[in-house]
Amino acid sequence: MVLLAKLTKITTQKKNKGRYNIFLDYGQGEAYGFSVDEDILVKYRLQKNMELDEATIEAMKQTDEIHKFYTLAINYLSYRMRSEKEIRDYLNDKEADPEHINEIVARLKKEKLLDDQEFANSLVRTRIMTSSKGPLLLKKELIEKGVNKSQAEVALEYFTFDKQYEKAMKFAEKKMKNDGKKSFRQQIQNVQQTLMQKGYQGEVVQEVLANLPEEENEESEWQAAVLQGEKILRKYQQKAEGYELKQKVKSAMYRKGFTFDVIDRFLEEYCDEQ
């Protein structure tokens, strides 16, 4: 025997005008049954005095549950494009049923709202404009977001050698300007190291280094040597003196990239005064 319930009343929720409370009577008086979103109300054409069986009621509840998480996914997508993995992780965190997640993801794909290739393409273009990341870091980021390797490689085709060189050179020039108080050799080493850390490929880094100034500005190099040398001198002069002090200063300045000619000049002008 199929158990039927009569729909006795539909009321709007006070705190959420888009949701409705459904009241049912199984023959023992009116009682709250469940709540649904407005879209579910319209889809099932719910109205007073309708008779509903348990299967229909359960189907409505499931449809409403899916609709609730679908709406959350749409809102999550409204801020920016997302990968399939991001959507799945988000819905899982919201405690959506795994089967519902699969259904929602399939619907989003059908509606062209979820596409990992388009997501990857968009992320690469955005990062090129807004960050100093090289292609290797971008590929790592894409894969962490669930984009597969082949999709990541297709997206990175937009990040051409010329674009990489342009961004890397701009960063290198800025880096050298900010490192002006360091030795020229250390500036070059820092540029190379940082570009590699940022994910630029070896051939791009070498091209950038080949087109940076080949020689340091003598006056700038001397000013950097004095600045760094005086710091080193203050560090060691409480622990050593004479020949030992000079050797310690000489070694430390060499490690910072200064040439022996510049170091000897500094020792002659500053250490002999000690």
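Throughout, residue positions are numbered sequentially from 1 according to the sequence presented.
For the pair Phe119/Arg80, a side-chain contact is recorded, criterion being any heavy-atom separation below 4.5 Å from C-beta on. The side-chain heavy atoms of Phe171 and Val191, taken from C-beta on, include no pair separated by under 4.5 Å. Side-chain contact between Phe161 and Gln201 is absent, with no heavy-atom pair separated by less than 4.5 Å. Counting heavy atoms from C-beta outward, Asn49 and Thr8 have side chains that stay 4.5 Å or more apart.
In the model, Gln189 has no side-chain atom that pairs as donor or acceptor with a side-chain atom of Gln193 under 3.5 Å. For the residue pair Lys198/Ser132, the side-chain donor-acceptor check at 3.5 Å is satisfied. Donor-acceptor pairing under 3.5 Å is recorded for the side chains of Ser150 and Asn148.
Between Lys177 and Glu173 there is no salt bridge, since no side-chain N of the basic residue sits under 4.0 Å from a carboxylate O of the acidic one. The pair Lys61-Glu65 does not meet the salt-bridge criterion, since no charged nitrogen lies less than 4.0 angstrom from a carboxylate oxygen. Between Lys85 and Asp116 there is no salt bridge, since no side-chain N of the basic residue sits under 4.0 Å from a carboxylate O of the acidic one. The pair Lys163-Glu166 does not meet the salt-bridge criterion, since no charged nitrogen lies less than 4.0 angstrom from a carboxylate oxygen. Contact check on Lys112 versus Glu118 returns no salt bridge, with no Lys/Arg side-chain nitrogen under 4.0 Å from an Asp/Glu carboxylate oxygen. A salt bridge between Arg19 and Glu38 is absent, with no side-chain N of the basic residue lying under 4.0 Å from a carboxylate O of the acidic one. Using a 4.0 Å cut-off between charged side-chain N and carboxylate O, Glu153 and Lys139 make a salt bridge.
Side chain of Ser83 to main chain of Lys145: a donor-acceptor pair is present (N/O by atom type, distance under 3.5 Å, no hydrogens or angles). Remark: the backbone N or O of Asn190 is not paired with any side-chain donor or acceptor of Lys175 at under 3.5 angstrom. Side-chain N or O atoms of Arg82 include one that pairs as donor or acceptor with a backbone N or O of Tyr76 at under 3.5 Å. Judged by distance alone, with hydrogens and angles left aside, the side-chain atoms of Glu84 form no donor-acceptor pair with the main-chain N or O of Val105 at under 3.5 Å. Checked by atom type and distance alone, the side chain of Asp64 pairs as donor or acceptor with a backbone atom of Asp37 at under 3.5 Å. Although no hydrogens or angles enter the test, the distance criterion places no donor-acceptor pair under 3.5 Å between the side chain of Tyr200 and the main chain of Glu203. Side-chain N or O atoms of Thr56 include none that pairs as donor or acceptor with a backbone N or O of Leu52 at under 3.5 Å.
Scanning all heavy atoms of the two residues, the minimum distance from Leu24 to Ala5 falls at CB-CB, 4.2 Å. Shown here for Pro135 and Gln164, the closest heavy-atom pair between the two residues is CG-OE1, 3.3 Å. Pairing each heavy atom of Lys94 with each of Phe69, the nearest pair is O-CE2, 3.5 Å. Nearest approach of Val147 to Gln151, heavy atoms of both residues: CG1-CB, 3.5 Å. Residues Phe34 and Ile57 come closest through the heavy atom pair CE2-CG2, 3.7 Å. Closest approach of Tyr158 to Ile128, counting heavy atoms only: CD2-CD1, 3.6 Å.
Both Met196 and Leu209 belong to a common hydrophobic cluster when Ile, Leu, Val, Met, Phe, Trp and Tyr are linked at side-chain heavy-atom distances under 4.5 angstrom. Side-chain heavy atoms closer than 4.5 Å link hydrophobic residues (I, L, V, M, F, W, Y) into clusters, and following such links, even through other members, never connects Ile40 to Ile66. In the hydrophobic clustering of this structure, Tyr32 does not group with Met60; members are Ile, Leu, Val, Met, Phe, Trp, Tyr whose side-chain heavy atoms approach within less than 4.5 Å, directly or through other members. Transitive grouping of hydrophobic side chains (ILVMFWY, heavy atoms separated by less than 4.5 Å) keeps Leu72 and Met81 in distinct clusters. The hydrophobic cluster containing Leu136 does not contain Ile143, counting ILVMFWY residues as joined when their side-chain heavy atoms lie under 4.5 angstrom apart, directly or transitively.
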Open item on the list: Assess the residue pair Glu30 and Lys6 against the criterion (side chain to side chain contact (heavy atoms under 4.5 Å, CB included)); give the C-alpha distance rounded to whole Å, side-chain angles, the decisive distance to 0.1 Å, and a yes or no.
Closed with: CA-CA 9 Å; Glu30 180 182 271; Lys6 179 178 285 189; over 6 Å; no

TODO: Report the C-alpha distance between Glu54 and Leu4 in whole Å, list the side-chain angles of each, state the deciding distance to 0.1 Å, and finish with yes or no for side chain to side chain contact (heavy atoms under 4.5 Å, CB included).
DONE: CA-CA 7 Å; Glu54 285 298 315; Leu4 296 176; over 6 Å; no

Task: Pair Ile87-Leu77, side chain to side chain contact (heavy atoms under 4.5 Å, CB included): steps then yes or no - done: CA-CA 8 Å; Ile87 288 291; Leu77 282 165; 3.9 Å; yes

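Thr11 pairs in a side-chain contact (heavy atoms from CB on, under 4.5 Å) with only one of the listed residues (Lys14, Gln13, Lys9), which is Lys9.
Atoms NZ and OG1, from Lys68 and Thr71 in turn, are 10.0 Å apart once rounded to the nearest 0.5 Å. A distance of 4.5 Å separates OG1 of Thr63 from NZ of Lys43, quoted to the nearest 0.5 Å. Atoms CG and CZ, on Asn21 and Phe23 in that order, are 5.5 Å from each other to the nearest 0.5 Å. Between the CG atom of Leu138 and the CD atom of Glu141 there is a distance of 6.5 Å, given to the nearest 0.5 Å. Taking CD of Glu103 as the start and CD of Gln62 as the end, the distance is 9.5 Å to the nearest 0.5 Å. Leu108 contributes atom CG, which lies 5.5 Å from atom CD1 of Ile74 (distance to the nearest 0.5 angstrom).
The neighbour count for Glu95 CD, taken as heavy atoms of other residues, nucleotides or ligands under 6.0 Å away, does not exceed 12.
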